[in-house]
Colleague: 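Okay, handing you the structure first.
Proteins come first, then strands; the chains are lettered A, B, ... in the order of their sequence lines, and each starts at number 1. Below, each value reflects all heavy atoms present in this structure, side chains not excepted, and no hydrogens, waters or symmetry copies.
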Amino acid sequence: MNKIGDELIRWYRENKRDLPWRRVHDPYEIWISEVVLQQTRVTQGITYYHNFLKKFPNIFTLAEAETEEVYKIWQGLGYYSRARNLHQAAKFIVEKYAGSFPDEYAKLLEIKGVGHYIAAAIASIAFAQPYPAIDGNAYRLFTRLFGIELKLGSSALKKEVLRIVSGIIPQKSPGDFNQAVMDFASIVCTPKSPDCINCPLSGYCFALSNNRQTDFPVKPLKRKPKDRFINYYLFSDGKKLLIRKRKSGDIWENLYDFPNTESSNAEQPRFYDLVSENHPCGYTVKFVSEIIRHQLTHQTLFVTFSEIGCNILPKIEDFHAESLKHLGNLPWPRLITRYLEKRDKEQSTANY
DNA sequence: CATGCGTGGAT
DNA sequence: TATCCAAGCAT
């Protein structure tokens with residue numbers, strides 16, 4: 001009756017990875033692991049998981065933290081709204097539930113940044129409730145097994161896979177089952193060349209029997225990434241730099257970066273577009289970097305960095321001066337961190 | 001429902 | 001080198 005579930009559990013017992021969040025059932029730690037791993041590979045997320053829990057060991061330490069600290073721990077991981085939502089959610093849980101994690105699926109869904117997948121993951125792993133945690137791995141596995149042609153992301157597919165997994169997930173150890181599905185799909189039923197030879201489910205697989213493994217899941221048409229041209233200007237008097245906290249409604253919300261101009265083509269704008277009036281001390285362009293091509297999921301960034309020397313830092317709205325030493329405590333986009341590190345290395349040899 | 005949100009590793 | 005993507009979610 002439930003061959004697929006049994007085979008998955010059997011496979012999991014013998015092949016599961018020894019990951020840190022597999023050793024705990026504390027909903028807080030499970031929650032953190034799920035948010036870290038959202039759209040993120042295990043190899044990339046694992047150090048962030050450790051660092052985060054070391055800095056914020058429980059819901060109270062997280063709730064009491066400064067937002068800036070939470071962002072700083074998240075620096076370099078991407079999708080920074082996750083950090084913002086974690087912090088906001090921790091405060092919400094402390095306030096509404098006195099810091100005790102809700103164990104009801106519906107209440108978990110009310111938490112900012114917790115959707116159907118994470119709610120099911122927490123409910124099943126931390127509270128042993130049989131909610132199917134259906135992520136990208138699960139969609140790939142079950143569309144192949146059952147030959148489901150519905151498009152990834154469609155509500156029809158969500159409904160259909162939920163129906164199927166609901167009939168398979170065991171009442172006992174549903175958390176193990178959910179993790180079995182994900183581990184199995186990420187190790188055996190992989191996106192590119194699935195290991196069908198060694199697959200214990202090969203006898204049940206529609207895709208394999210029709211030699212159509214890579215036809216599933218059916219992906220939505222992808223649009224071409226938009227180009228975006230950003231030119232950064234590092235106004236420096238040798239001691240301080242002009243920086244700002246980025247506003248909402250754009251990439252890298254609440255992170256820091258430098259004065260910049262943007263244009264719709266590769267033609268490079270000039271830094272004095274930023275400075276309305278002539279500055280008595282004048283400016284010296286000391287260095288202009290090559291164009292750095294930065295590929296994001298939905299846009300391609302073409303970025304340059306210009307070092308602008310001056311005796312007195314110009315006044316630009318929303319920007320303020322910070323000493324070079326203080327910069328290390330602030331959260332930066334990875335792109336900017338890389339440049340700052342390179343800059344720091346070069347300046348330690350050649351005196352600026 | 002379509003779109004925006006990051007990063008670094010695999011191919 | 002260019003493309004694709006990896007344990008989603010909010011809007």
Colleague: Listed in order of residue number, which residues of residues 140-162 of chain A have a non-hydrogen atom at under 4.0 Å from DNA chain C?
Modeller: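 Under 4.0 Å from DNA chain C: Arg140(A).
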
Colleague: Report, one line per pair, each donor and acceptor closer than 3.5 Å where one atom sits in a side chain of residues 107-119 of chain A; sequence neighbours left out.
Modeller:
| residue | atom | partner | partner atom | Å |
| --- | --- | --- | --- | --- |
| Tyr117(A) | OH | Glu34(A) | OE1 | 2.6 |

Colleague: What are the residues of residues 26-40 of chain A, sorted by number, that bring a heavy atom to within less than 4.0 Å of DNA chain B?
Modeller: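 The stretch gives Gln39(A), Thr40(A) as the residues lying under 4.0 Å from the strand, ordered by number.
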
Colleague: Just to verify, what does Phe177(A) make a ring-ring contact (aromatic ring centres under 6.0 Å, His included) with, not counting sequence neighbours?
Modeller: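 Testing Phe177(A) for ring-ring contact (aromatic ring centres under 6.0 Å, His included), a comparison that skips the adjacent residues, returns none.
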
Colleague: State which residues pass side-chain contact (heavy atoms from CB on, under 4.5 Å) with Ala156(A); sequence neighbours excluded, sorted by chain then number.
Modeller: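 Partners of Ala156(A) by the side-chain contact (heavy atoms from CB on, under 4.5 Å) criterion, ordered by chain and then number, come out as Leu150(A), Ser154(A).
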
Colleague: Using chain A heavy atoms and a threshold of under 4.0 Å, write down where along DNA chain B the contacts begin and end, 5' to 3'.
Modeller: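 Extent of the interface on DNA chain B: dC1(B) to dG9(B).
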
Colleague: Keeping to residues at least two apart or across chains, list the salt bridge (Lys or Arg N to Asp or Glu O under 4.0 Å) pairs with something in residues 123-134 of chain A.
Modeller: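 As it turns out, there is no salt bridge (Lys or Arg N to Asp or Glu O under 4.0 Å) pair with a partner in residues 123-134 of chain A once direct neighbours are skipped.
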
Colleague: What residues from residues 112-122 of chain A pass a heavy-atom cutoff of under 4.0 Å to DNA chain B?
Modeller: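 Within residues 112-122 of chain A, no residue comes under 4.0 Å of DNA chain B.
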
Colleague: Under a single-linkage rule joining Ile, Leu, Val, Met, Phe, Trp and Tyr whose side-chain heavy atoms are separated by less than 4.5 Å, which residues share a cluster with Ile197(A)?
Modeller: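 Hydrophobic cluster check, Ile197(A): no partners found.
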
Colleague: What residues, two or more places apart in sequence or in another chain, satisfy ring-ring contact (aromatic ring centres under 6.0 Å, His included) together with Tyr339(A)?
Modeller: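 By the ring-ring contact (aromatic ring centres under 6.0 Å, His included) rule, Tyr339(A) matches Phe305(A).
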
Colleague: In this structure, would Leu208(A) and Val181(A) fall into the same cluster of hydrophobic residues linked by side-chain contacts under 4.5 Å?
Modeller: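 In one cluster with Leu208(A): Val181(A), no.
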
Colleague: Would you give me the side-chain donor-acceptor pairs under 3.5 Å for residues 121-129 of chain A, sequence neighbours excluded?
Modeller:
| residue | atom | partner | partner atom | Å |
| --- | --- | --- | --- | --- |
| Ser124(A) | OG | Ala120(A) | O | 2.8 |
| Ser124(A) | OG | Ala121(A) | O | 3.2 |
| Ser124(A) | OG | Asn178(A) | ND2 | 2.9 |
| Gln129(A) | NE2 | Asp103(A) | O | 2.7 |

Colleague: Using the salt bridge (Lys or Arg N to Asp or Glu O under 4.0 Å) rule, collect all pairs that involve residues 39-64 of chain A, keeping only residues at least two apart or in two chains.
Modeller: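 Those involving residues 39-64 of chain A are Lys55(A)-Glu69(A).
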
Colleague: Give the intermediate values and the outcome of salt bridge (Lys or Arg N to Asp or Glu O under 4.0 Å) for residues Glu29(A) and Arg23(A).
Modeller: CA-CA 10 Å; Glu29(A) 295 180 44; Arg23(A) 298 168 169 270; over 6 Å; no

Colleague: Provide, to the nearest angstrom, the distance between the OH atom belonging to Tyr139(A) and the C1' atom belonging to dC5(C).
Modeller: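 Computing the Tyr139(A):OH to dC5(C):C1' distance gives 18 Å.
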
